[in-house]
Amino acid sequence: MELFNSYIKNERQKRLFQMAERLANKAQERVKSAEEMAELPAETVADFRKENFFSITLPKALGGEGLSLYELVLIQERLAAGDGATALSVGWHLGIVKELAEEQLWEPAIFDKFAKEIVEKQAVVNRIASERATGSPTRGGVPETTATRQGDHYLLSGRKIFSTMASVLDYYIVSAYVKDKEAVGSFLIKSDSPGISIDKTWDTLGMRGTGSDDVVFDQVKVDATRLVELNNQANPRKAKGWMLHVPACYLGIAIAARNEAIHFAKSFKPNSLKTSIAKVPHIQQKIGEMDLKLMQARSFMYQTAMEWDNRTPEARQELSSELAAVKTVATNIANEVVDLAMRVAGGRGLSKANRFEQLYRDVRAGLHNPPMDDMVIQILAKRALAE
Ligand SMILES: Cc1cc2nc3c(=O)[nH]c(=O)nc-3n(C[C@H](O)[C@H](O)[C@H](O)COP(=O)(O)OP(=O)(O)OC[C@H]3O[C@@H](n4cnc5c(N)ncnc54)[C@H](O)[C@@H]3O)c2cc1C
């Protein structure tokens with residue numbers, strides 16, 4: 001695809017991009033059934049496993065590809081141009097694994113064993129942290145899921161909402177209030193552990209194919225060594241470069257809408273005109289505006305990813321405001337671009353026979369992935385006022 005080429009800089013990126021393209025095409029074929037079932041199809045996960053996709057963000061020393069942030073953004077954008085729900089889903093896995101490997105958040109013995117399972121079995125993981133009472137965990141609410149110590153294990157009970165890929169995950173990283181530590185912690189739990197059930201609540205406007213159902217934990221017995229993170233540890237909040245998978249996903253959806261709009265404009269010749277609508281000034285205006293917006297958001301995102309890759313871990317911390325700003329800029333621009341594409345298509349953009357309406361529904365979800373816009377603006381204001 002023309003729009004992507006300028007961001008592919010070498011043979012390795014070309015190879016990774018081509019893999020994303022193959023997987024995007026397969027995922028796109030299943031969008032209709034994924035929308036109907038409101039879950040990520042197991043066949044799509046199997047396709048990704050065949051390409052050893054789930055280990056690409058692990059370091060080479062552990063059997064991965066050592067994906068850079070720039071490369072992560074590149075492939076996420078391409079996947080999302082095929083299907084946004086698939087891209088967002090697998091993006092959580094890739095990003096979490098990248099962070100765990102780079103930040104060494106867990107005991108090495110636990111992480112190395114987990115990494116081995118990712119390489120050998122292509123195990124899939126996600127953090128499930130949202131709850132009805134807390135809403136977004138980024139607001140700092142304490143989980144109502146609790147972990148009670150009993151000898152060498154914990155008993156974990158509670159309910160998580162928005163659990164992306166719930167039914168196809170091998171592992172959940174579950175946040176809970178750990179009573180004996182008087183702190184919030186996270187547990188690594190196998191998804192088939194006794195006491196875990198999935199409540200199929202995911203009946204949403206957009207991103208239906210992420211299957212972000214509720215997961216219920218009823219006295220789930222977890223070995224104490226599986227308490228992998230404690231928030232009261234000397235663990236200052238780190239800048240999260242990997243979270244750029246979110247803006248990349250929504251820009252990919254916007255690119256798909258832009259491409260559909262151009263195709264439509266070139267091919268639609270109403271009998272009131274001698275040409276296609278591509279020659280009409282107000283259509284050209286909208287197409288030009290879409291590209292202007294995409295250029296702004298994408299250059300900001302790729303530039304920030306490149307900065308991240310080129311910096312030392314310490315210097316990366318200074319990028320936390322930029323990372324947050326990229327998310328807000330990209331998701332809002334993606335919504336604007338899809339809106340413009342819908343206007344190019346006119347009323348038939350509303351039809352389920354075309355792709356526009358699904359892209360329009362999916363892109364909307366980006367506003368509700370972290371960090372939320374109001375928090376980003378606050379971060380920028382505080383930084384400016386502290387100068
Ligand atoms: C497609 C999709 C996939 C997701 N996948 C996952 C996942 O895999 N794992 C996971 O854990 N979560 C996931 N989430 C959940 C997401 O991270 C948020 O928890 C969820 O969207 C709710 O956040 P919210 O800001 O929209 O609403 P809420 O936090 O419920 O807040 C509702 C409203 O109140 C406001 N508000 C709430 N608290 C405050 C406050 N303290 N200060 C100011 N305003 C406040 C908000 O701005 C908002 O307007 C997913 C969400 C979506 C849409």
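Numbering of ligands and ligand atoms starts at 1, following listing order.
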Contacting atoms of ligand 1, where contact means under 4.0 angstrom from a heavy atom of [X]:
| X | result |
| --- | --- |
| N126 | 7 (C), 8 (O) |
| R127 | 7 (C), 8 (O), 9 (N), 10 (C), 11 (O) |
| P370 | 17 (O) |
| L88 | 1 (C) |
| H368 | 16 (C), 18 (C), 20 (C), 21 (O), 26 (O) |

cation_pi(R298, F4) dist<6.0 Å, angle<=45: yes

Got a protein heavy atom sitting under 4.0 Å from [atom]?
| atom | answer |
| --- | --- |
| atom 46 (C) of ligand 1 | yes |
| atom 32 (C) of ligand 1 | no |
| atom 27 (O) of ligand 1 | no |
| atom 9 (N) of ligand 1 | yes |

Polar contact flag, side-chain donor to acceptor under 3.5 angstrom, Y250-N335: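 Short answer, no.
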
Distance-only donor-acceptor check, side chains T164 and N126, under 3.5 Å: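 There is no such pair between these side chains.
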
Evaluation steps, side chain to side chain contact (heavy atoms under 4.5 Å, CB included), between K160 and V174: CA-CA 8 Å; K160 297 292 175 182; V174 188; 3.7 Å; yes

Criterion side-chain hydrogen bond (donor to acceptor under 3.5 Å, both in side chains) on S163 and D213, from CA distance to verdict: CA-CA 5 Å; S163 309; D213 288 307; over 6 Å; no

Mode of I161 contact toward ligand 1 - side chain, backbone, both, neither (heavy atoms, under 4.0 Å):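 Answer for I161: neither.
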
Which protein heavy atom lies closest to [atom], and at what distance to 0.1 Å?
| atom | answer |
| --- | --- |
| atom 4 (C) of ligand 1 | T164 OG1, 3.5 Å |
| atom 14 (N) of ligand 1 | F162 CB, 3.3 Å |
| atom 24 (P) of ligand 1 | M372 CE, 3.9 Å |
| atom 35 (C) of ligand 1 | R139 NH2, 4.5 Å |

From A166, P371, S136 - option closest to atom 18 (C) of ligand 1 by heavy atom: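 Nearest heavy atom to atom 18 (C) of ligand 1 lies in S136.
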
Closest candidate by heavy atom, reference atom 11 (O) of ligand 1, pool A129, G140, G209: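 Selected option, by shortest heavy-atom distance: A129.
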
Option passing side chain to side chain contact (heavy atoms under 4.5 Å, CB included) with L58 (candidates L67, L100, V119):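 The residue from L67, L100, V119 that satisfies side chain to side chain contact (heavy atoms under 4.5 Å, CB included) with L58 turns out to be V119.
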
side-chain hydrogen bond (donor to acceptor under 3.5 Å, both in side chains) between D362 and Q358, intermediate numbers included: CA-CA 6 Å; D362 282 351; Q358 191 223 334; 2.8 Å; yes

Interatomic distance, K266 atom NZ to T275 atom OG1 [nearest 0.5 angstrom]: 13.5 Å

Any P137 heavy atom less than 4.0 Å to ligand 1: yes

Aromatic plane relationship, F54 with H93 - under 30° parallel, 30 to 60° tilted, over 60° perpendicular: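 Perpendicular, since the angle between the ring planes exceeds 60°.
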
Parallel, tilted or perpendicular, as decided by the 30° and 60° cut-offs, for the rings of Y7 and Y70: tilted

Sub-6.0 Å ring centroid separation between F264 and F268: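 Yes.
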
Close N or O approach (S130, ligand 1; < 3.5 Å):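 N/O-N/O distance below 3.5 Å exists for this pair.
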
